[in-house]
> 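So that we are looking at the same thing, I have put the structure below in structure tokens.
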Amino acid sequence: MSDLLLLNGPNLNLLGSREPEVYGATRLEDIEANCIDVAEELGHTLTCYQSNAEHKLVGRVQKAAQDGIAFIIINPGAFTHTSVALRDALLAVDIPFIELHLSNTFAREDFRHKSYFSDIARACLFGFGAYGYELAIQAAHVQLTDAEDE
Ligand code: DQA
């Protein structure tokens with residue numbers, strides 16, 4: 001049993017109404033509730049946190065180390081393309097993480113092709129919509145199980 005953390009960055013609180021043709025119609029609270037269920041079925045606990053503020057996400061990553069979080073799933077939203085601070089926080093705590101995006105950012109504007117996270121992530125998921133979050137929980141479980149077997 002491990003403690004997992006799901007982080008969502010700016011504007012992801014608007015999921016459901018925000019550009020549904022790009023991000024889908026599922027609300028963040030429904031994604032989070034489903035992820036909590038999936039994590040529980042796999043024997044883990046999942047904490048969810050969303051913020052529009054970079055410093056709050058940095059603080060939550062730092063707190064994850066104190067809380068003994070074993071794995072992070074993060075959709076950094078627009079901070080994907082800008083945030084050295086959030087990258088440095090993830091490097092500092094050294095907790096394995098999956099970078100997740102609802103949309104396939106490589107099929108969009110050029111500025112979305114650059115990520116400050118992909119090269120330090122354990123794995124990345126792009127373009128699966130809300131289903132990607134469920135996939136990420138399952139993938140985190142496999143990663144944690146593999147680590148136990150080593
Ligand atoms: C996003 C992609 C980002 O480019 C964008 O700024 C977001 C959402 C995604 O989930 O597809 O806010 O991270």
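It should be emphasised that the depicted structure is a prediction, and the values quoted were computed from it without experimental measurement. In each ligand, atom 1 is the first atom listed, and ligand 1 is the first ligand listed.
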> Test your reading of the model: is there a side-chain donor-acceptor pair from His101 to the backbone of Gly132, 3.5 Å cut-off?
no

> For Leu100 and Asn75, work out which heavy atoms get closest and say how close.
O-CG, 3.1 Å

> Quick check on contacts: which atoms of ligand 1 are under 4.0 angstrom from a heavy atom of Ser103?
2 (C), 9 (C), 11 (O)

> Please list the nearest protein heavy atom to atom 1 (C) of ligand 1 with its residue and the distance rounded to 0.1 Å.
His101 ND1, 3.7 Å

> Might you work through the side-chain hydrogen bond (donor to acceptor under 3.5 Å, both in side chains) test for Arg108 and Ser103, ending with a clear yes or no?
CA-CA 9 Å; Arg108 303 180 63 196; Ser103 65; 2.9 Å; yes

> Please say which of Thr80, Leu125, Ile72 ends up in a side chain to side chain contact (heavy atoms under 4.5 Å, CB included) with Glu99.
Thr80

> Measure the shortest side-chain to side-chain distance between Tyr133 and Leu6 over non-hydrogen atoms and say whether it is less than 4.5 angstrom.
yes

> Between Arg112 and ligand 1, which part of the residue brings a heavy atom under 4.0 Å of the ligand: side chain, backbone, both or neither?
side chain

> Going by the order shown, which atoms of ligand 1 are within less than 4.0 Å of some heavy atom of His81?
3 (C), 4 (O)

> Using atom types as modelled and distance alone, determine if a side-chain donor or acceptor of Arg87 lies under 3.5 Å from a backbone N or O of Tyr116.
yes

> Using non-hydrogen atoms of the residue, decide whether Tyr23 is closer than 4.0 angstrom to ligand 1.
yes

> So, 4.0 Å and heavy atoms of Arg18: is ligand 1 close enough to count as a contact?
yes

> Can you tell which part of Leu102 has a heavy atom less than 4.0 Å from ligand 1: side chain, backbone, both or neither?
both

> Check for me whether the distance between the ring centres of Phe97 and Phe71 falls short of 6.0 Å.
no

> Is it the case that ligand 1 has an N or O less than 3.5 angstrom from some N or O of Ala78?
yes

> Can you tell me if Thr105 has a non-hydrogen atom under 4.0 Å from ligand 1?
yes

